2 protein chains.
Amino acid sequence: MNTLAEENYLKAIYHLSLNDVNVSTNQIAAALNTKAASVTDMLKKLADKELINYEKYQGVTLTYTGEKIALHIIRKHRLWEYFLVEKLHFKWDEVHEMAEEMEHISSVELIDRLDKFMDYPKHDPHGDPIPDRDGNFKKHELTPIASLNVNESGVISGVRDHSPTFLQYLEKQQLVIGKKIKVTDIIEYDNSMILQVENITTHISREVAKNLLIAI
Amino acid sequence: MNTLAEENYLKAIYHLSLNDVNVSTNQIAAALNTKAASVTDMLKKLADKELINYEKYQGVTLTYTGEKIALHIIRKHRLWEYFLVEKLHFKWDEVHEMAEEMEHISSVELIDRLDKFMDYPKHDPHGDPIPDRDGNFKKHELTPIASLNVNESGVISGVRDHSPTFLQYLEKQQLVIGKKIKVTDIIEYDNSMILQVENITTHISREVAKNLLIAI
DNA sequence: ATTTATTTTTAGACAAGTCTAAATTTTTTG
DNA sequence: CAAAAAATTTAGACTTGTCTAAAAATAAAT
Ligand SMILES: [Mn+2]
Ligand SMILES: [Mn+2]
Ligand SMILES: [Mn+2]
Ligand SMILES: [Mn+2]
């Protein structure tokens, strides 16, 4: 159907589209660790297949079909991540690279059965929503802890940075999905925040606060 | 590490090596649905990497390293087949094509945990042995039902033909792994065989008898 | 509104893997 | 054992996806 490279481009374009309506050649190149010239070549191919809308120098958007394909790959990625954590007991910082390979397994029946096997999980280990087989999902409105004021609270529900180092740090601080937190103080000097995480008090930098998301 | 194409060649050579010490270019081409010229190109590459012993016009054998890699791919293939049947409830004739893709997922830790998750199965859904992480397995000595005489019996433990049509036929006749069978008669005219499978009497052709394996 | 800087595209090349057609080697056979 | 047949390798070409370097277009800045 589509090659591995094409799938990776579609997925990257989808993710970049969440921040910008039109996605630029250079953004894609950066996301895929490749060069702008290579991206241009691929954009032509994807446009020929009518998976993206592409006008020279103007950046791209996904077509309806392109978005469906991207969402299906993301569905597979997140279901496999859930499987790896819930069934094989990997930690949340260990699964992304494996899922990058597994998301390209083509069988639709397989992924639907995997979904059922795990009882239709709604979110992956990082709190990201898992699209259903039609590509639909509820996008939960999350805010960074950084946007809270003193005495406000919420439940940790997602991360903005998926890097293993960040995830490992969070785990060590017990700042994991589902934990209820409350901002008890904000240090004026560097805007760092003091959190109450259940019984524990934790001090996090502004940087961390920006990348840790909560539902209020 | 190795490309998808290289892995498929190594696996094909391994399987063909079970029947012939030296594997020929044409045999590999047939097994992989490709052309002899393409095979020659790849054999040079695999020889450069010291994964096969190759002398022009003489056919190939796997090196120690080449065989280890082949066995690791086969381990992954069979563990995923087991997973698909035992956990996702696919039928034994449905899983091979999916496993052809899944066998290339690279993580060793993943496959070891999958192995543990399923409690270290020894055979895949078709009765083929699953190598352990070091590539070791007990090769069970199986014989085709065709080699039995009247009144001899055994337990169905493997198949020589893995095609969906054959597997579907066997399932319909209840001739599945683990069933005890006894040869009650052999028809002289066409060498077909009458079997007692638990309470049922079944009549199978010589062709089927040759491709259905039992442990005695 | 030009000039400069940045982004994007084009041109040309390369590696992997495949193919067809032709040349070579091995095997078979009369 | 020489001629024919079969198997294998080489030569040259093509596709996919990538790259560098140069050209063209767009955006930013004086
Ligand atoms: Mn991920
Ligand atoms: Mn995730
Ligand atoms: Mn199989
Ligand atoms: Mn099998």
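Numbers restart at 1 for each chain; the letters A, B, ... are given by sequence-line order, proteins then strands. Keep in mind that this is a model prediction, so the values were computed, not measured.
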Tell me the side chain to side chain donor-acceptor pair (under 3.5 Å) pairs involving residues 53-66 of chain B, sequence neighbours left out?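 Residue pairs with at least one partner in residues 53-66 of chain B: N53(B)-T61(B).
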
With H96(B) via ring pair (Phe, Tyr, Trp, His ring centres under 6.0 Å) - residues at least two apart: H77(B)

Please name all residues satisfying ring pair (Phe, Tyr, Trp, His ring centres under 6.0 Å) with H72(B), sequence neighbours left out, ordered by chain then number.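 Applying ring pair (Phe, Tyr, Trp, His ring centres under 6.0 Å) to H72(B) gives none.
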
In whole angstrom, what separates [X]'s [atom1] from [N]'s [atom2]?
X	N	atom1	atom2	answer
L43(A)	dT9(C)	CG	P	7 Å
D41(A)	dC14(C)	CG	C1'	13 Å
I52(A)	dT8(C)	CD1	P	13 Å
D48(B)	dA16(C)	CG	P	11 Å
I28(A)	dT8(C)	CD1	P	9 Å

Please list every donor-acceptor pair under 3.5 Å in which a side-chain atom of residues 31-39 of chain A meets a protein atom from a residue at least two apart or in another chain.
none

Listed by chain and number, what are the side chain to side chain donor-acceptor pair (under 3.5 Å) partners of D132(A), not counting sequence neighbours?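 Scan of D132(A) (side chain to side chain donor-acceptor pair (under 3.5 Å), adjacent residues dropped) gives none.
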
Under 4.0 Å: is that the gap between some side-chain N or O of K35(B) and OP1 or OP2 of dA21(C)? no

S38(B) vs dC19(C): side-chain N/O to OP1/OP2 distance below 4.0 Å: yes

Could you tabulate the donor-acceptor pairs under 3.5 Å formed by side-chain atoms of residues 136-143 of chain A, not counting sequence neighbours?
from    : atom 1 : to      : atom 2 : distance (Å)
H140(A) : NE2    : G127(A) : O      : 3.3

Would you tabulate the nitrogen or oxygen pairs shorter than 3.5 Å linking the protein to nucleotides 6-8 of chain D?
from   : atom 1 : to     : atom 2 : distance (Å)
dT8(D) : OP2    : N26(B) : N      : 2.9
dT8(D) : OP2    : N26(B) : ND2    : 3.4

Expected output is a numbered-order residue list: members of residues 4-11 of chain A with a heavy atom under 4.0 Å from any atom of DNA chain C. What is it?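 DNA chain C contact set from residues 4-11 of chain A: none.
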
What residues, two or more places apart in sequence or in another chain, satisfy side chain to side chain contact (heavy atoms under 4.5 Å, CB included) together with R160(A)?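 Testing R160(A) for side chain to side chain contact (heavy atoms under 4.5 Å, CB included), a comparison that skips the adjacent residues, returns P144(A), N211(A), L213(A).
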
Can you label the angle between the F83(B) ring and the W80(A) ring as parallel, tilted or perpendicular, going by 30° and 60°?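 Tilted: the ring planes of F83(B) and W80(A) meet at 30° to 60°.
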
